[in-house]
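Heads up: the structure comes next, in structure tokens.
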Amino acid sequence: MGKWAEGLTPRVEHWHIPKKILTEEDVMKLTKEEQSLLDGEKGPGVQRSMQHLVETGEAFDAERLIPITAAHLVMVEGQLAGPAAEAFFSMPEPFLEGVTSFAVPTTLNSICMDLSRPEKMHISKDVVEFVNKTMPKAIERYTSRGAIPTFTCTPYTIVPMTYGQHVAATEGGVVEYVNSVIGARTHYETIASAVPAAVVGKVPLYGLHIRKNRYGQVLVKIGDDLVPERFTYADYGAMAFHAAAIAEDRIPVWTGIPAMSEAALKYFTIAHCISGAMALEHVVGVTPEAPTLEEAFGPNKPEKTIIVDKKALDSAYEYMSTAEKSEVDAVVLGCPHLDIHEIKEIAQLLAGKKVHSGLRLWCGTNEHTWQLAQKMGLVDAIEKSGAFVTSNACSGTSNFPMMPDLLGVHTLATNSVTCAVMVPATSGNQVLCYYRNMKDCVNIAVKGRIN
Amino acid sequence: MGEILKGHGVGKGQAEGEALVTRQMISNDYIGFADGVYREKGHELDGVKVGGKILVFPAGKGSSVVANSLMLAKALGGAPAAVVFERANTIQVQSALLARIPAVYSMKESFLEGVSSGQKVRVDADNGTVEIL
């Protein structure tokens with residue numbers, strides 16, 4: 001990562017608060033109440049939050065602000081930025097100053113790591129100390145303001161959202177799923193900028209909050225040499241990764257895919273934001289805004305047609321498999337968090353098997369699903385093999401890259417596009433990945449190597 | 001006096017510098033915070049320093065978790081002097097706003113067509129213009 005400014009603690013610039021930032025030329029109209037918040041009546045955090053919302057709105061020529069019914073925040077933890085940890089950690093602070101509670105129900109994304117059973121999971125005291133440098137503070141600054149401790153990247157399985165609701169969500173998978181599968185309306189908010197939305201309870205009216213901006217823009221077809229009925233979660237992810245790169249930021253309309261399970265939709269939708277920049281996609285006959293091809297596109301004509309065939313799928317698998325060594329140190333399942341069906345699948349795959357000595361097979365889920373899985377005997381069934389079902393925490397994408405030497409993980413296998421792409425990127429290529437489907441991942445975990 | 005291209009400003013502020021134009025999407029996640037080097041496997045700017053430049057590209061992509069990378073890059077010295085893009089989205093606009101980096105996006109005139117790598121340009125976010133110097 002190069003020589004950082006050693007000894008220097010970079011301070012994130014705290015934004016000045018101008019007396020009045022709206023002029024006659026500005027488009028956005030604020031209510032009297034909104035103007036008073038911008039004038040500082042409810043304190044500096046609310047004021048800066050309003051300023052950010054107004055600046056964003058101005059950038060997009062939004063007419064006004066609209067209320068949201070929910071927000072989903074990713075907690076900002078220092079581990080994610082290595083040497084720039086302190087600057088990174090301080091990022092939401094300007095928006096929280098003087099704020100005692102969020103204005104709308106606000107759910108929280110996963111914590112950095114499941115530290116509930118460190119000895120059992122072979123997590124050293126050094127790792128616990130490293131993670132606890134910021135994790136508890138990161139949690140507390142949001143929970144103390146009333147955030148709901150869902151600690152998952154699938155919050156919609158615990159705190160429901162419904163079609164048509166305006167929300168402010170962060171975390172790519174949540175955004176893509178909420179927009180595409182639920183049909184609620186959100187932008188791909190960033191980790192600092194979703195805080196202003198949660199503090200004020202509003203977002204500017206632009207983009208995907210408006211129906212006419214939600215219609216499809218490019219057409220995607222499945223090649224004749226692929227059989228959708230046989231797709232694995234990894235296939236869905238690879239397919240989406242391929243097409244989204246070509247679609248760039250345009251909204252894709254997928255055709256030729258029959259019914260998809262919740263889990264399949266999860267892997268499929270999140271992959272779009274790893275290579276692409278669209279926050280919404282449609283699958284004709286599957287997702288709610290695309291009952292037919294015509295309704296999916298609305299008044300738009302497809303700007304292009306993308307065909308995803310076997311060659312495309314194979315090349316996506318290859319692109320995402322960056323690892324060089326045959327020995328594998330960890331296997332990550334549950335990015336995004338596993339649902340109960342997947343946990344059952346994993347238990348079946350592991351039946352009678354043992355995970356290779358020293359290899360970490362982490363199967364991440366949220367606490368609700370973990371409790372359910374335990375009731376069903378699935379946690380015991382999986383952990384009998386030496387694997388672990390983790391809860392509340394990121395399954396591997398946000399922890400392995402930050403501490404490769406501390407955790408002894410330099411090569412991992414996963415069926416998650418997010419994990420396969422982000423782990424090498426955020427670890428400066430210190431941790432490399434194999435992209436394989438769930439069944440192959442379990443086999444790799446048992447063998448301890450790729451072949 | 002050079003050509004002035006008119007678009008939509010994001011935030012406020014001005015910056016001058018050497019333009020670096022790419023037709024591939026840019027992720028702020030991949031800009032080295034301190035060294036300003038862009039790192040993305042297969043990207044045409046992989047290994048190229050974007051820090052201090054006026055970066056011109058079609059649209060931004062990236063994660064929400066490290067989408068504020070641009071803020072960190074600004075704090076640690078690796079950030080571009082300004083960002084100019086064809087199509088605005090939440091991630092890119094908010095990244096520029098939070099980092100306090102001048103940004104402009106295209107309205108009627110295409111910046112990708114109007115600006116070439118190596119040209120000295122001035123970006124004015126207040127007026128939403130890119131001027132070839």
Side-chain angles (χ1 to χ4, degrees), chain A residues 1-5 8 10-13 15 52 55-56 58-61 74 76 80-84 87-88 91 109 169-172 174-175 187-194 206-208 244-245 248-250 273-279 319 322 397-398 418 421-422 424-426 428-429, chain B residues 8-12 23-30 32-37 39-43 57-78 85-101 103-105 107 125-126 128:
Chain A
M1 283 209 211
K3 252 186 160 51
W4 296 97
L8 209 82
R11 283 168 54 82
V12 173
E13 192 185 310
W15 303 271
H52 179 77
E55 284 178 354
T56 303
E58 280 298 311
F60 287 105
D61 291 336
V74 169
V76 185
L80 299 177
F88 195 80
M91 276 192 312
N109 210 60
T170 32
E171 206 293 298
V174 177
V175 169
H187 284 118
Y188 195 164
E189 301 284 350
T190 62
I191 48 173
S193 68
Y206 76 98
L208 295 178
E248 292 191 339
D249 57 341
R250 319 312 281 152
C273 71
I274 302 303
S275 62
M278 70 292 283
Y319 179 94
T322 48
T397 306
S398 297
T418 308
V421 174
M422 296 311 290
T426 56
N429 288 334
Chain B
H8 195 299
V10 173
K12 306 204 181 301
R23 284 177 186 272
Q24 293 176 295
M25 297 209 295
I26 287 284
S27 170
N28 297 325
D29 296 344
Y30 301 141
F33 299 149
D35 66 8
V37 173
R39 293 179 179 87
E40 183 187 346
K41 180 179 161 190
H43 197 283
F57 52 98
K61 59 178 183 175
S63 75
S64 61
V65 178
V66 290
N68 300 319
S69 302
L70 203 57
M71 244 164 105
L72 279 178
K74 171 101 185 275
L76 288 167
F85 36 102
E86 292 285 71
R87 303 185 296 268
N89 58 21
T90 304
I91 284 242
Q92 190 57 45
V93 164
Q94 288 180 337
S95 289
L97 283 174
L98 290 167
R100 289 298 189 245
I101 289 174
V104 179
Y105 63 86
M107 295 291 274
D126 292 57

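Reminder, nothing fancy here: chain letters follow the sequence lines and each chain counts from 1.
- The shortest heavy-atom contact between Tyr105(B) and Phe60(A) is OH-CA, 3.9 Å.
- Only the backbone of Ser275(A) comes within contact range of chain B, with at least one heavy atom under 4.5 Å from a heavy atom of that chain.
- The two residues Gly60(B) and Ala277(A) come nearest to each other via the heavy atoms O-CB, 3.2 Å.
- Taking Thr170(A), Leu208(A), Thr418(A), Asp249(A) one by one and counting their heavy-atom pairs under 4.5 Å with chain B, the maximum is reached by Asp249(A).
- The two residues Ala425(A) and Tyr30(B) make their nearest non-hydrogen contact at CB-CE2, 3.6 Å.
- When side chains are defined from C-beta on, Leu98(B) counts as touching His52(A), because their heavy atoms get closer than 4.5 Å.
- Between the CE atom of Met91(A) and the CG atom of Leu72(B) there is a distance of 5.5 Å, given to the nearest 0.5 Å.
- Of all heavy-atom pairs spanning Tyr206(A) and Thr90(B), the tightest one is OH-OG1, 2.8 Å.
- Looking at Val175(A), there are no atoms closer than 4.5 Å to chain B (heavy atoms on both sides), in backbone or side chain.
- Tested against Thr190(A), the residues Ile91(B), Leu97(B), Leu70(B), Asn28(B) include a single side-chain contact (heavy atoms from CB on, under 4.5 Å) partner, Ile91(B).
- In terms of heavy-atom proximity, Glu248(A) sits nearest to Arg23(B) at OE2-O, 4.2 Å.
- Legend: residues meeting ring-ring contact (aromatic ring centres under 6.0 Å, His included) with Tyr319(A), ordered by chain and number and at least two apart, are Phe241(A).
- For Glu40(B), the salt bridge (charged side-chain N to carboxylate O under 4.0 Å, His left out) criterion is met by Lys61(B), not counting sequence neighbours.
- The two residues Glu58(A) and His8(B) make their nearest non-hydrogen contact at O-CE1, 3.3 Å.
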